[in-house]
Amino acid sequence: MSSQVPVTPDSQEGAPAGRAHAFLVRSIAGIIYAVLFIGSLLLGVVPTALFTAAMAGLCCYEFYRMVRIDGKVPNEFVGLVAAVLFPLSALVDAVWLTVLNFLMVLLVGLWYVQNPRTRMADVAVTVFGPLYTGYMLSAIVLLREAIPGMEGALLSIGVCASLWLSDSFAYMVGSKFGKHKMVPKISPKKSWEGFFGGLLGSVAVWLVLWSTGLYEMNIWFTVLCGVVVSVMGVFGDLIESRIKRGVGVKDSGNLIPGHGGMLDRSDSLIIGVITAYLMLHLGGVL
C-alpha cells in the first residue's frame with residue numbers, strides 16, 4: 001500500500017486561491033483609494049484640502065506609531081494637529097504654512113522646556129513627523145489651486161498618476177527583468193531595471209499632459225519633469241523604507257488591505273508632488 005498522502009482539492013487549489021483573494025482585496029482597496037483621491041481633485045480645492053489633511057493626519061499617526069516602537073516619545077497632540085492643519089492652511093495663503101511651522105516649533109520647544117524628562121530625540125521626531133507628512137503633502141493643495149477649473153484638476157491628477165504609474169511600471173519591469181539590486185540593505189526588491197521602467201511610466205503620463213496643449217510646457221521640459229519627479233518618488237519610497245527597517249516593521253500600518261498603511265501608500269507622493277509643484281512653478285507653468 002502506498003504511503004503517499006492523498007492530495008485534496010483544497011491543498012491543490014488553496015495557494016492559488018489565496019493569492020487570487022489577496023490580489024482581489026488589494027485591487028479593490030487600491031481602486032477605492034484612487035477613486036476618493038481623484039474624486040477630491042475633481043471636486044475642487046476644498047475637497048482636495050480635506051482629503052489631503054486626512055491623509056496627512058493618518059500618515060503622521062503611523063509615523064509616530066513607528067517611532068514609539070523605536071523608544072521615542074513624541075508629543076502626538078501638537079504633531080498630529082500640525083500635520084492636519086498644514087494642508088488646510090494652504091487653502092488660505094502659502095504664508096500660513098510658515099506661520100504654522102513657527103507655531104509648531106515654538107510649542108514643541110516650550111514642551112521641551114517644561115518637561116525635564118523629554119529628550120532631544122523626542123523633540124526631533126515630534127517636529128519631523130508633521131513636516132514629513134502634512135507640510136510636504138500640502139503641495140497637493142497648492143498644485144490643485146494654482147490653476148482653477150478642470151485644467152488644474154487634470155494637471156494635479158496627472159502629477160499623482162505619474163508617480164502611481166512609475167511605481168506600477170517599476171514593479172512590473174523589476175518583477176520580470178530585475179537582476180541588479182539598487183539598495184538591497186534598505187529595499188531588497190528594488191532593481192535598476194525596475195527603476196528605469198518607472199521612469200518610462202512617469203514620462204508617459206507627462207507626455208500625455210503635454211499633448212493636451214493646456215499647459216505652457218515644451219517637450220524637453222515635460223520629459224525632464226517626468227524623469228525628476230519619478231526619481232524623487234523613488235527617494236520618497238526609500239526614505240520610508242529606511243524608517244521601517246530602522247524600527248523593524250514591514251508596513252507602517254494596516255489601514256489599506258494589501259497595501260499596508262496610508263504612509264506606505266503615500267511615500268512617493270510626499271517627495272514627488274512637491275518636486276512637481278516646484279518645477280512647474282519655477283518653470284513658469286503655474
Side-chain angles (χ1 to χ4, degrees), residues 33 37 49-92 94-142 183 185-187 232-233 235-256 259-275:
Y33 167 82
F37 199 150
L50 293 173
F51 183 80
T52 306
M55 280 178 56
L58 290 168
C59 288
C60 191
Y61 173 80
E62 291 172 357
F63 172 78
Y64 284 154
R65 168 187 168 271
M66 289 190 290
V67 298
R68 286 199 309 272
I69 293 173
D70 198 39
K72 311 298 188 298
V73 186
N75 187 322
E76 294 189 46
F77 178 76
V78 173
L80 290 173
V81 169
V84 171
L85 289 180
F86 271 124
L88 297 178
S89 66
L91 276 174
V92 185
V95 71
W96 282 99
L97 293 170
T98 302
V99 172
L100 182 57
N101 193 18
F102 160 71
L103 292 175
M104 177 186 67
V105 172
L106 177 63
L107 289 174
V108 173
L110 293 175
W111 168 65
Y112 181 55
V113 169
Q114 293 176 350
N115 292 273
R117 298 183 64 180
T118 299
R119 302 163 297 171
M120 275 304 302
D122 303 328
V123 172
V125 295
T126 298
V127 172
F128 182 74
L131 289 178
Y132 172 53
T133 56
Y135 179 81
M136 300 292 275
L137 288 172
S138 66
I140 298 173
V141 182
L142 295 175
V183 279
K185 292 184 179 180
I186 296 176
S187 187
M232 291 298 111
F235 286 168
D237 190 303
L238 291 176
I239 290 169
E240 200 235 352
S241 294
R242 178 66 180 86
I243 293 171
K244 291 189 294 186
R245 187 164 290 273
V247 301
V249 298
K250 181 178 182 294
D251 297 316
S252 66
N254 56 8
L255 177 69
I256 307 175
H259 295 265
M262 182 59 74
L263 190 54
D264 295 316
R265 200 70 184 85
S266 308
D267 52 6
S268 60
L269 294 175
I270 285 174
I271 307 295
V273 175
I274 195 168
T275 299

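This chain uses plain numbering: 1 for the first residue, then up along the sequence.
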Check: Take atom CG in Asn254; do more than 12 heavy atoms of anything else shown fall under 6.0 Å from it?
Finding: no

Next item on the list: Compare all side-chain heavy atoms of Leu50 with those of Leu88 and state whether any distance is below 4.5 angstrom.
Entry: yes

Item checked: Exceeds 12 heavy-atom contacts within 6.0 angstrom, atom OH of Tyr135 -> no

Notebook entry, point to check: Closest approach of Pro87 and Ala56, non-hydrogen atoms and distance?
Noted result: CG-CB, 4.1 Å

Checklist line | Point-to-point distance, once rounded to the nearest 0.5 Å, from SG of Cys60 to CG of Leu263 | finding: 9.5 Å

Next item on the list: Would you check if Leu238 and Ser187 make a side-chain contact, meaning some heavy-atom pair closer than 4.5 Å?
Entry: yes

Checklist line | Inter-residue atom distance Leu137.CG - Leu142.CG, 0.5 Å rounding | finding: 11.0 Å

Checklist line | Val123 side chain reached by Trp111 side chain, heavy atoms, under 4.5 Å | finding: yes

Next item on the list: May I ask you to check whether Asp264 and Ser252 show a side-chain donor-acceptor distance below 3.5 Å?
Entry: yes

Margin query: Within this structure, what is the CG-CZ distance for the pair Asp267 and Phe235, rounded to the nearest 0.5 Å?
Written below: 14.0 Å

Next item on the list: Determine the minimum heavy-atom distance between Cys59 and Thr133, stating which atoms define it.
Entry: CB-CG2, 3.6 Å

Margin query: Show the nearest heavy-atom pair for residues Ala82 and Leu100, with the distance to one decimal.
Written below: O-CD2, 3.7 Å

Notebook entry, point to check: Heavy-atom distance under 4.5 Å between the side chains of Leu97 and Asn101, does that happen here?
Noted result: no

Check: Looking only at heavy atoms, which two atoms of Met55 and Ser266 are closest? And how far apart?
Finding: CE-OG, 3.4 Å

Margin query: If I take atom CG from residue Leu131 and atom OG from residue Ser138, how far apart are they, to the nearest 0.5 angstrom?
Written below: 10.0 Å

Margin query: Is the shortest side-chain heavy-atom distance between Phe86 and Met136 below 4.5 Å?
Written below: no

Next item on the list: Would you give the length of the straight line joining atom CD1 of Ile239 to atom OH of Tyr132, rounded to the nearest 0.5 angstrom?
Entry: 6.0 Å

Check: With a 4.5 Å limit on heavy-atom distance, are the side chains of Phe63 and Glu240 in contact?
Finding: no

Check: Just wondering, are more than 12 heavy atoms of other shown residues or ligands nearer than 6.0 Å to OH in Tyr61?
Finding: no

Check: Roughly how far, to the nearest 0.5 Å, is CD1 of Ile270 from CD1 of Ile140?
Finding: 9.0 Å

Item checked: Contact list for residues 128-139, test salt bridge (Lys or Arg N to Asp or Glu O under 4.0 Å), sequence neighbours left out -> none

Show me, pair by pair, the donor-acceptor contacts under 3.5 angstrom made by side chains of residues 66-80, not counting sequence neighbours?
residue	atom	partner	partner atom	Å
Arg68	NH1	Glu76	OE1	3.2
Arg68	NH1	Glu76	OE2	2.6
Asp70	OD2	Lys72	NZ	2.8
Asn75	OD1	Phe77	N	3.4
Asn75	OD1	Val78	N	3.2

Notebook entry, point to check: Should Leu269 and Phe37 count as side-chain neighbours, where that means a heavy-atom distance under 4.5 Å?
Noted result: yes

Checklist line | Minimum heavy-atom distance between Thr126 and Asp122, given as atom pair plus value | finding: OG1-O, 2.6 Å

Margin query: Filter on salt bridge (Lys or Arg N to Asp or Glu O under 4.0 Å), then keep only pairs touching residues 52-63, sequence neighbours left out; what's left?
Written below: none

Note to self: Other residues, nucleotides and ligands only: do more than 12 of their heavy atoms fall within 6.0 Å of CZ on Arg119?
What the structure shows: yes

